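Take a look at the following structure, please.
The chains referred to below are lettered A, B, ... by the order of the sequence lines, with proteins before strands, and numbering in each begins at 1. These numbers come from a predicted model, not from an experiment.
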Amino acid sequence: MDVPLWGCLMFYSRYFIPTIKETPSDAEVISHQLMLRAGMIRKLASGIYNYLPLGLRSIRKFENIVREEMNKADAIEMLMPSVQPAELWQESGRWAFYGKELLRFKDRKDAEFCMGPTHEEVITDMVRREIKSYRQMPLNFYQIQTKFRDEIRPRFGLMRGREFIMKDAYSFDVDSHAADLSYNKMFNAYMRIFERCGLNFRAVEADTGSIGGSSSHEFMVLADSGEDAIVSCDACRYAANVEKAESPLFSAVSSATIEPLQKVLTPEMKTIADVASFLKIAVDKTIKTLVYVSDAGELAMALLRGDHELNELKLKNHLGWDEIQMATEEQILACTGSPVGFLGPIGLKQDIPVIADRVVQGMTNVVLGANEVDQHYINANRGRDFEVSGFVDIRTVEAGDACPRCDSGKLEMWRGIEVGHVFKLGTKYSKALNATYLDANGREQIVFMGCYGIGIGRTVAAAIEQNHDENGIIFPIAIAPFHCSVVAVNTKDAGVMAAAEEIYFCLEKLGVEVLFDDRDERPGIKFKDNDLIGIPLRIVVGSKGLAEGKVEMKIRSTGEVKLLVLEEVATTIKQLIDAALVHPE
RNA sequence: CGGUGAGUAGCGCAGCCUGGUAGCGCACCUGCCUUGGGAGCAGGGGGUCGCUGGUUCGAUUCCAGUCUCACCGACCA
């Protein structure tokens, strides 16, 4: 579907692009700074923004790319309300589980409502009412709609707002196999969407978080300012969020002779590094002991090789806890009898689960805390000296780790911005809301679901994060607010204005999205503004060039400058844009 | 919610320590000048100094409280 983006003349002097010369002090990341400076957005409240005309144009253009690819992938557009009744959320169980991020309020009759942070409940409710037969599936509904999440800490402009535009899609299938096909279709559509925007991104395996479900992939735009750490294998296709990334299996079991257990004095040696250097042993011969507590107050101990880091999410998922936190000094003292710094699994005061990282399985004659102030054990061995509840992958992977999926690869680490996330939901919501259908045998079955999100504003911000220089934004042409600008150097020069106007109208006639900078400003101001707002192509019409029948074309991304004869300008620009907008197949 | 810092003109900041009712740069308005990289000159408009209370003859300044915002941790498109 083509949504018309403009219905009036795009004369800069009559349009509205309030640019700012100085960098606003409260904008931390470059995309936030540039979107403010370029007059794309303005803040209304914490995490809540006005989309100014220029910003809205970029957003609409990205929405249309998403729309095209969703439609191509057989998803059907609809629109759901932002205000949702509490009952649905109570039915799915998320009214209690979702927490403060869900903005709740009451209407005049005291009935409870919330602002929709996501729409699994609403869509599943619709589907359970309308879908009766296996013949009606597969189905996939999507919408592009404003969401509200009362984030604890909104930041980085559109990157993490409380109110934000999201494309969310929900697929419904007869069984898990069919649901996988729907998932793959969406996955491929996502690949095309971000490719069309010219983004450098990775699809990575991810944790499902509060949405739930069996598995998921995140689409990560690579950027140093990204809030997520991801790893990818340099040899195979494996890539994952560090939260989720599996650590490689160390199978080697030490064959060293088992030495007798010995307690040693380690005064004031509280960190692994201190203990290792004090005892003159390698850090990887030590075991690090951590104690965690759940929201329900349950305690658990985690054992890791001294130089490894715990992945709290892995531990939390393994224990089946809703929340996880490091235990307090008091809790630790109560269960081990020792302050932090000398903890270990030997001689615990309370019976708590002891979860060891898989790497610990192969370690012998290790150093660990003795649960006494200033005391450590050396030559501790599992089986003889202590037991564990299980060996589980609970460590955080590091750059340079061996790939968990192939023989030769090493993991590389990146920072990424999560712009899309696809989930296999299974029957989590359909079961809770009793969304069923009759199969070919007339038997009632539960619907299988998937859900698929793209942060619209966040993707535009991520594109800027990845495409800018010291002069401002360098928009990928697919989501640039305009393809081309025409700058009249001196508006008092009738010849210059006439020629510039002529070029403007020719371009517009050819369907080029063009902005005519007709402002009565000095050239420097116009050049600076045009660079800042990141329009890919710029035509400059000046009296000197005009005397020879020529104008200048500058390509924003490369800085390349070409002189074009007047007659060729419009067609040359048109060709360049068409070539740049070719879709990948 | 915890930790840190900040609220003075549209934006960026100074003044506060040592109380006497506010200033600078940019932006804005008028005029002149200027027109290939945010020019120059002259004139001008705009502030209940976040809010509430206290101390004081007098508070932007000192004290207490409160609100808001930003940054660092858990959440997430």
Say we look at B:U8 and B:U4: how far apart would their P atoms be, to the nearest angstrom? 22 Å
Contact list for residues 217-227 of chain A, test side chain to side chain donor-acceptor pair (under 3.5 Å), sequence neighbours left out: A:Arg155-A:Glu227, A:Arg160-A:Glu227, A:Tyr183-A:His217, A:Glu218-A:Asn241, A:Ser225-A:Glu465
With a 3.5 Å cut-off and heavy atoms only, can you find an N or O donor on one side and an acceptor on the other between the side chain of A:Arg162 and the base of B:C76? no
Check whether the ring centres of A:Tyr504 and A:Phe11 lie less than 6.0 Å apart, and answer yes or no. yes
Once you apply the 3.5 Å cut-off to both distances, tell me the Watson-Crick or G-U wobble partner of B:G37, or none. none
Letter by letter from the 5' end, nucleotides 29-39 of chain B scores (B base, S sugar-phosphate only, - none; protein heavy atoms under 4.0 Å) -----BBBBBB
Please give, in whole Å, the distance from B:A77 C1' to A:Phe201 CZ? 16 Å
Name all residues meeting the salt bridge (Lys or Arg N to Asp or Glu O under 4.0 Å) criterion together with A:Glu521; count only those two or more places apart in sequence or in a different chain, and write none if there are none.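 A:Glu521 satisfies salt bridge (Lys or Arg N to Asp or Glu O under 4.0 Å) with no other residue.
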Pairwise 5' ranking along RNA chain B for A:Glu22 and A:Thr459, keeping only the more 5' one: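 Here A:Glu22 is the residue nearer the 5' end.
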In the strands shown, is B:G10 matched to any nucleotide by a Watson-Crick or G-U wobble pair with both distances under 3.5 Å, and which?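 B:C26 - that is the nucleotide pairing with B:G10, both distances being under 3.5 Å.
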Using Watson-Crick or G-U wobble geometry with both distances under 3.5 Å, which nucleotide pairs with B:C16? none
In chain order, what residues pass the salt bridge (Lys or Arg N to Asp or Glu O under 4.0 Å) check against A:Glu418, with sequence neighbours excluded? none
Would you call the rings of A:Phe219 and A:Tyr190 parallel, tilted or perpendicular if under 30° counts as parallel and over 60° as perpendicular?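 Answer is tilted, since the angle falls between 30° and 60°.
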Nearest-angstrom distance from the residue atom CE of A:Met70 to P of B:A77: 15 Å
Rounded to whole Å, how long is the line connecting atom CD of A:Glu312 with atom P of B:G73?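 Rounded to the whole Å, the gap is 13 Å.
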C1'-based separation of B:C72 from B:U55 [nearest Å]: 37 Å
Find the distance A:Lys314:NZ to B:A74:P and express it as a whole number of Å. 16 Å
Rounded to whole Å, please give me the gap between CG in A:Leu103 and P in B:C76. 18 Å
For A:Glu101, answer base if it contacts any base atom (sugar-phosphate contacts may also be present), sugar-phosphate if it contacts only those atoms, and nothing otherwise; contact means non-hydrogen atoms under 4.0 Å. sugar-phosphate
Euclidean distance for P, B:G23 against B:G45 (whole angstrom): 13 Å
For residues 38-48 of chain A, which residue pairs qualify under side chain to side chain donor-acceptor pair (under 3.5 Å), counting only residues two or more places apart or in two chains?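 Matches after skipping sequence neighbours: none remain.
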Shorter than 3.5 Å, N or O on both sides, protein versus nucleotides 70-72 of chain B: list them out with atom names.
residue : atom : partner  : partner atom : Å
B:A70   : OP2  : A:Ser46  : OG           : 3.4
B:C72   : OP2  : A:Arg153 : NH1          : 2.8
B:C72   : OP2  : A:Arg153 : NH2          : 2.9
B:C72   : OP2  : A:Arg155 : NH1          : 3.3

A:Met326: what forms a side-chain contact (heavy atoms from CB on, under 4.5 Å) with it, not counting sequence neighbours? A:Leu290, A:Tyr292, A:Glu312
Length of the CZ-P vector between A:Arg160 and B:A74, whole Å: 10 Å
Nucleotide paired to B:U60 in any strand shown, Watson-Crick or G-U, under 3.5 Å: none
Who is the Watson-Crick or G-U wobble partner of B:C51, with both distances under 3.5 Å?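 B:C51 is paired, partner B:G65.
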Tell me the interatomic distance from A:Tyr292, atom OH, to B:A74, atom P, rounded to whole angstroms.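 Between P of B:A74 and OH of A:Tyr292: 11 Å.
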Report yes if the side chains of A:Gln331 and A:Val291 come closer than 4.5 Å at any heavy-atom pair, otherwise no. no
A:Arg458 CZ to B:C75 C1', straight-line distance once rounded to whole Å: 11 Å
Taking B:G50 as the reference, what is the distance to B:G40 when you measure between their P atoms (whole Å, please)?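 Those two atoms are separated by 32 Å.
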Between B:C63 and B:U56, how far apart are the P atoms? Round to whole Å, please. 16 Å
Distance between C1' atoms of B:C49 and B:A9 (Å, rounded):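 Straight-line distance between the two C1' atoms is 10 Å.
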Earlier contact from the 5' end, RNA chain B, for A:Pro24 and A:Glu243: A:Pro24
Rounding to the closest angstrom, what is the interatomic distance between B:U60 and B:U21 at atom C1'? 9 Å
Given the C1' atoms of B:A59 and B:G12, what is the spacing between them in whole Å? 26 Å
Over all strands shown, is A:Asp228 touching base, sugar-phosphate only, or nothing at heavy-atom distances under 4.0 angstrom?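 Result for A:Asp228 = base.
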So the side chain to side chain donor-acceptor pair (under 3.5 Å) pairs with at least one residue in residues 545-562 of chain A (sequence neighbours excluded) are A:Asp469-A:Arg556
Are A:Asp517 and A:Ser485 linked by a side-chain donor-acceptor pair shorter than 3.5 Å?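 Not at all, the side chains of A:Asp517 and A:Ser485 share no donor-acceptor pair under 3.5 Å.
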Going by purine N1 to pyrimidine N3 plus the second Watson-Crick contact, or the G-U wobble pair, all under 3.5 Å, which nucleotide sits opposite B:G2?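 Checking every strand shown, B:G2 finds its partner in B:C72, with both distances under 3.5 Å.
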Contacts of A:Ser232 meeting side-chain contact (heavy atoms from CB on, under 4.5 Å) (sequence neighbours excluded), chain-then-number -> A:Arg202, A:Ala239, A:Glu412, A:Trp414
